[in-house]
2 protein chains.
Amino acid sequence: MATISDVAKLTGLSKSTVSRVINNHPYISKEKRKLVEKAMDELGYQPNPSARRLRGQLTSTIGVVVPRIANPFFSYLLASIEQTAFQNNYQVLMFQSNENKEKEVYFLNLLKTKQVDGLIMTAVENDWNTIEPFTKYGPIILCNEYLSSASIPMIRVNQTKGAYLAAKHFIDQGHTKIAYCTGGLFADDGKDKDRNKGYQQALEEAGIPLNPSWIFINKHSIEDGKKVMKDIIELKDNPTAIFTGSDEIAAGVIIQAKELGLKVPEDIAVIGFDDQPSAEMLDPKLTTIRQPIEQMGQKAVEVLLSLLNKSEPENKMPELPVELVVRNST
Amino acid sequence: MATISDVAKLTGLSKSTVSRVINNHPYISKEKRKLVEKAMDELGYQPNPSARRLRGQLTSTIGVVVPRIANPFFSYLLASIEQTAFQNNYQVLMFQSNENKEKEVYFLNLLKTKQVDGLIMTAVENDWNTIEPFTKYGPIILCNEYLSSASIPMIRVNQTKGAYLAAKHFIDQGHTKIAYCTGGLFADDGKDKDRNKGYQQALEEAGIPLNPSWIFINKHSIEDGKKVMKDIIELKDNPTAIFTGSDEIAAGVIIQAKELGLKVPEDIAVIGFDDQPSAEMLDPKLTTIRQPIEQMGQKAVEVLLSLLNKSEPENKMPELPVELVVRNST
DNA sequence: TTGTAAGCGTTATCAT
DNA sequence: ATGATAACGCTTACAA
């Protein structure tokens, strides 16, 4: 590996001059610049990032925490983040928290040791009190996640509107018995409160009372979706429509419904959330709420980088738009 | 951030002694060791990885190159790699090549600058001559990818057997007109030659001649699958079965077949490759070849780490088993 | 415009 | 068993 000294030696100049060329400092004669550039090329020279980092200069790596990368939502988000980061000459250190608090803390420590310059968290497991102390070592931002107690940038979509659109769509179609799944609890705080609010709001506007036996909490996977459908059919009073928290749950619901001999949407209408490729694979194709995943990742990187460059981002709390995509499950 | 000097100062010992404690050197009195450990704890000391790296010591990051992380196959693979790496105290720097040769070279350079200690490539864009020179900076291994000209470890599944099983399954069901999709070319070398071989072998054994108009090359996505199905229906002589190169292509084929009013498997039987969650979402559920993705990622990390520790891995070229999963599309 | 030298946090070598 | 010191590759005062 060629070092800066090799370049200096080859050109007969000092390390400082070479460094200045590398870092695009002003006040360098054109001829020496050319000379240095030629030498760097010849030697295949690349600055050593560890040295730069140690010296307190250049930042180049951002960390991204996802719960599980195999979840398509997060893999799409990561794809967008990596791409945007790369365009800005940043690399991405990727972690799965696996919904494990200790692992999350381990990652946060990487900020402390400057392994990463900043952190994008797409989900958080610990509470804010645990995370807050790490913010003094580097910027941490939330993307997709929401923490009401935190005061750091959060990139998110208008979840309330998403849930509202879904419920409203059902109501417009004449449904009044509308079930609801959430990944968290049906409570007034927590990350799902916005969606809960949207759902409630639409019902309220239409004068439809809430039926607690149609609310399903802590649902995430395809299997959960199947289970929900099984539970629904056991109810005395069956809902005619269900708004699931994700396309995955929706998939489970639809698969199970068909297995039970039910017709979608005639017997039960289904709306998902995310608009993943699987939405098109399902039969009937899934009506769902589209999240602007690509935009979310892009925005997250932009905000983080502007924080790293000490310039305040224009908007630290952008709220990205959601959209109802009507297909055949409603 | 506390440094080693802070610890030295607090204990009244030298940096050397502290360093020895950190690195578990022998010949340290129990009492000083305790003393140092206590101080490190108090200060919340963490060794600075950049410094260690610069000093040519400790390694802790592996790089993983995938084509597109949003592709479920690769997101599952990455999930497994990250998890295994974490269990071994390694971090994962993740890159998407986006099938771009230059970006790939950029990543390879990270090995040169010791940003990553080793590299797992799950697909390669450049040819071996371009990649080979980088192997002198650190171990590079292939996982899922195969390069006949290379002599580095390759973790892969028995692709030949996978394709053979699929074709054989069709034949056993009485099919003789069996179409085939590949991500590459239908040639004697290249990454898909093993699958091509398996397909041909099964046909040959059954005395079925190859029909070139049923061979589709360079197929990858759902859209490609739809296109293939459209092309098939235009043929004078229609195949009755198709072995696609991935579950994604299979999804496209099935979706399009239904749109064209064809019944799967009655009018056309379909087999995918991978066994992704989407295989269960499709209607009919997809018969497919299951790859042991989790095992692949795990094995890849194990081999890479043993290379990093200079110990030869027991088996540098493991070939993992595939399996036919019969569902309703055949 | 260019060069000299100090220092970032570690660990290895050489003393003691 | 412990300590002093140099070196890893880089950037940045400061000097010239």
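Note that the coordinates shown come from a computational prediction; the quantities given were computed from them, not determined experimentally. Labels below follow one simple rule: chain letters A, B, ... track the order of the sequence lines, proteins then strands, and each chain is numbered from 1.
- B:P139 places a side-chain heavy atom less than 4.5 Å from the side chain of B:L304.
- When the shell of 6.0 Å around CD of B:E294 is examined, it contains 12 or fewer heavy atoms from other residues, nucleotides or ligands.
- The aromatic ring centroids of B:F95 and A:F86 lie 6.0 Å or more from each other.
- Neither side chain, A:N100 nor A:E102, offers a donor N or O lying under 3.5 Å from an acceptor on the other.
- Rounded to whole angstrom, the span from the CG atom of A:L35 across to the P atom of C:dT2 amounts to 10 Å.
- A side chain to side chain contact (heavy atoms under 4.5 Å, CB included) with A:Y45 holds for exactly one of A:V36, A:D6, A:I4; it is A:I4.
- The residues B:E319 and B:R156 are annotated as salt-bridged, a charged nitrogen and a carboxylate oxygen being separated by less than 4.0 angstrom.
- The distance between atom NZ of A:K9 and atom P of D:dG9, rounded to the nearest whole Å, is 11 Å.
- Between the CG atom of A:N24 and the P atom of C:dT1 there is a distance of 15 Å, rounded to whole Å.
- One finds a side-chain N or O of B:N23 lying less than 4.0 angstrom from the OP1 or OP2 phosphate oxygen of C:dT11.
- Remark: B:R52 is in phosphate contact with C:dT11, judged by side-chain N or O atoms under 4.0 Å from OP1 or OP2.
- Among the nucleotides C:dT11, C:dT10, D:dG9, the one closest to any side-chain atom of A:I4 is D:dG9.
- Comparing the start and finish of the helix from C:dT1-D:dA16 to C:dT16-D:dA1, five pairs each, the helix axis swings through 40°, to the nearest 10 degrees.
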Would you mind building the protein contact string for nucleotides 1-8 of chain D? One character per nucleotide, 5' to 3', B for base within reach (heavy atoms under 4.0 Å), S for sugar-phosphate only, - for untouched. SBBBB-BB

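- Applying the salt bridge (charged side-chain N to carboxylate O under 4.0 Å, His left out) test to residues at least two apart or on different chains, the pairs with a partner in residues 67-83 of chain B are A:K103-B:E82.
- Side-chain contact between A:Y90 and A:L308 is present, with heavy atoms from C-beta onward closer than 4.5 Å.
- Note: CE (B:M40) to C1' (C:dG9) measures 15 Å, nearest angstrom.
- Between the P atom of C:dA12 and the CD1 atom of B:I22 lies a distance of 11 Å, rounded to the nearest Å.
- Within the 4.5 Å cutoff, no side-chain heavy atoms of A:M40 are placed close to those of A:T11.
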